[in-house]
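Take a look at the structure below.
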Amino acid sequence: MSLTTVHTVADLRATVAAWRAEGLRVALVPTMGALHNGHISLTKLAREHADRVIVSIFVNPTQFGPTEDFGAYPRTLPDDQKRLDAGGVELCFAPSVDEMYPDGFATNVSVDDAMTTVLCGAARPGHFDGVAQIVTKLLLQALPDCAIFGQKDYQQLMVIRRFSKDLNIPVEIIGAKILREEDGLAMSSRNRYLSPEERAIAPTLNRVLAEITTKASSGAELGPLLAKGRQDILTAGFNPIDYLEVRDAQTLEQVDETVTKPARIFVAAHLGKARLIDNHAITPIDIAG
Ligand code: PAF
């Protein structure tokens with residue numbers, strides 16, 4: 001079956017209804033386009049869970065701050081469609097801003113939990129309200145059996161799990177592991193902003209996270225590890241660093257001294273025009289088994 005693209009909620013729903021009538025399972029992979037192999041790995045995971053895969057492509061204005069890259073965000077629909085077709089995806093949902101936010105649209109979705117005020121929530125005020133708003137709409141429009149989100153945006157995944165549970169949205173939320181380039185750089189649409197020189201520096205983030213993860217999982221004190229990590233990131237050429245922090249893997253509460261429960265180290269830092277984020281799981285050695 002080759003790729004079909006629809007631009008309206010009505011056409012999306014009609015397609016899903018026809019699949020449902022055949023008893024098929026449906027997965028949704030929400031994206032903002034500029035697709036790379038990381039996204040394609042999400043569609044492969046989706047295929048393991050469903051008979052039909054939908055990829056939505058929508059650069060959502062409400063999750064960008066006024067000085068952020070909404071205008072510059074790469075929009076590459078024809079290339080994206082080719083990639084999805086080659087990857088065996090059945091449906092691309094590519095709505096316009098007017099289709100998603102028609103005149104008079106007035107509803108917000110906000111997760112009132114400390115997890116939305118730290119990390120990217122602190123650095124990008126309002127970002128997670130915009131994400132919650134658009135993902136709620138996409139889930140209710142498509143009503144898939146499951147939806148796949150990458151763990152590179154781990155905080156986003158936790159926020160989505162929270163509002164889906166709180167709002168009883170009947171969709172299984174599945175997290176997918178981070179896909180990396182050969183040199184360890186986490187795949188991201190924003191890697192396109194990097195000059196060749198910056199691209200050579202960018203894997204520093206993964207290296208620093210890996211070093212801290214190894215030491216922290218054996219019980220090393222976090223203070224000196226994070227101080228050295230920050231210095232290494234700045235020395236490589238990133239500036240500023242929005243955060244380099246270790247947090248509880250479930251609650252996202254800060255871990256201050258040593259890691260004794262499953263945790264995650266998170267980084268966001270600017271390199272030229274790009275703001276890059278990454279994270280690693282830290283499992284304390286005594287519970288790793
Ligand atoms: O992760 C993204 O690409 C976006 O935040 C998402 C989930 C598609 C919502 O716009």
Side-chain angles (χ1 to χ4, degrees), residues 7 9 12 27-43 45-46 53-65 68-77 79-80 83-84 89 91-101 105 107-111 115-116 119-121 123-142 144 146-164 167 169 171-179 186-193 242 266 268 274-279:
H7 301 280
V9 177
L12 169 70
L28 172 68
V29 182
T31 80
M32 297 204 299
L35 301 181
H36 49 68
N37 287 342
H39 293 113
I40 301 306
S41 76
L42 302 184
T43 68
L45 182 60
V53 176
I54 308 170
V55 173
S56 63
I57 296 183
F58 180 65
V59 185
N60 173 39
T62 68
Q63 69 188 75
F64 289 79
E68 293 183 351
D69 58 342
F70 173 67
Y73 201 86
R75 288 155 171 90
T76 57
L77 186 59
D79 280 358
D80 293 346
R83 274 179 171 268
L84 295 178
V89 169
L91 189 67
C92 171
F93 174 49
S96 65
V97 172
D98 283 347
E99 178 72 10
M100 296 307 257
Y101 301 112
F105 187 92
T107 300
N108 292 314
V109 182
S110 195
V111 177
M115 76 162 65
T116 61
L119 303 171
C120 284
R124 305 182 67 189
H127 170 67
F128 287 116
D129 288 356
V131 169
Q133 182 183 50
I134 193 62
V135 175
T136 301
K137 282 177 68 75
L138 288 165
L139 294 179
L140 295 177
Q141 288 164 348
C146 62
I148 317 286
F149 297 87
Q151 290 187 348
K152 185 172 75 63
D153 297 290
Y154 187 86
Q155 185 180 15
Q156 167 174 282
L157 173 64
M158 301 311 277
V159 171
I160 291 169
R161 283 196 199 286
R162 170 58 69 85
F163 71 72
S164 302
L167 299 177
I169 299 178
V171 176
E172 183 190 1
I173 304 299
I174 298 174
K177 72 178 184 12
I178 301 175
L179 209 69
M187 289 188 189
S188 164
S189 304
R190 289 189 168 98
N191 292 348
R192 295 175 188 225
Y193 297 156
D242 284 349
F266 297 92
R275 177 180 183 274
L276 302 183
I277 63 172
D278 199 353
N279 68 85

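Hydrogens, waters and symmetry mates are skipped; everything else that's a heavy atom, side chains included, is used. First listed ligand is number 1; within each ligand, the first listed atom is number 1.
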### Message
Going by the rule ring-ring contact (aromatic ring centres under 6.0 Å, His included), which residues pair with Phe128 if we only count those two or more places apart in sequence or in a different chain?
### Response
none
Which pairs of donor and acceptor atoms, one on a side chain in residues 156-163, lie under 3.5 Å apart (sequence neighbours left out)?
from	atom 1	to	atom 2	distance (Å)
Arg161	NH1	Ile173	O	2.7
Arg162	NH1	Asp113	OD2	3.0

### Task
Report yes or no: does His127 contribute a side-chain atom to a donor-acceptor pair with the main-chain N or O of Gly121 at less than 3.5 Å?
no
### Task
Go through the side-chain N and O atoms of Asn60 and Tyr73 and say whether any donor and acceptor fall under 3.5 Å apart.
no
### Query
Residues two or more places apart in sequence or in another chain: which of them pass ring-ring contact (aromatic ring centres under 6.0 Å, His included) with Tyr193?
none
### Query
Sub-3.5 Å donor-acceptor pair from the side chain of Lys152 to the main-chain atoms of Ala186, do we have one?
no
Ligand 1: which protein N/O atoms lie under 3.5 Å from its N/O atoms?
from	atom 1	to	atom 2	distance (Å)
ligand 1	1 (O)	Gln156	NE2	2.8
ligand 1	5 (O)	Gln63	NE2	2.9
ligand 1	5 (O)	Gln156	OE1	2.7
ligand 1	10 (O)	Gln63	OE1	2.6

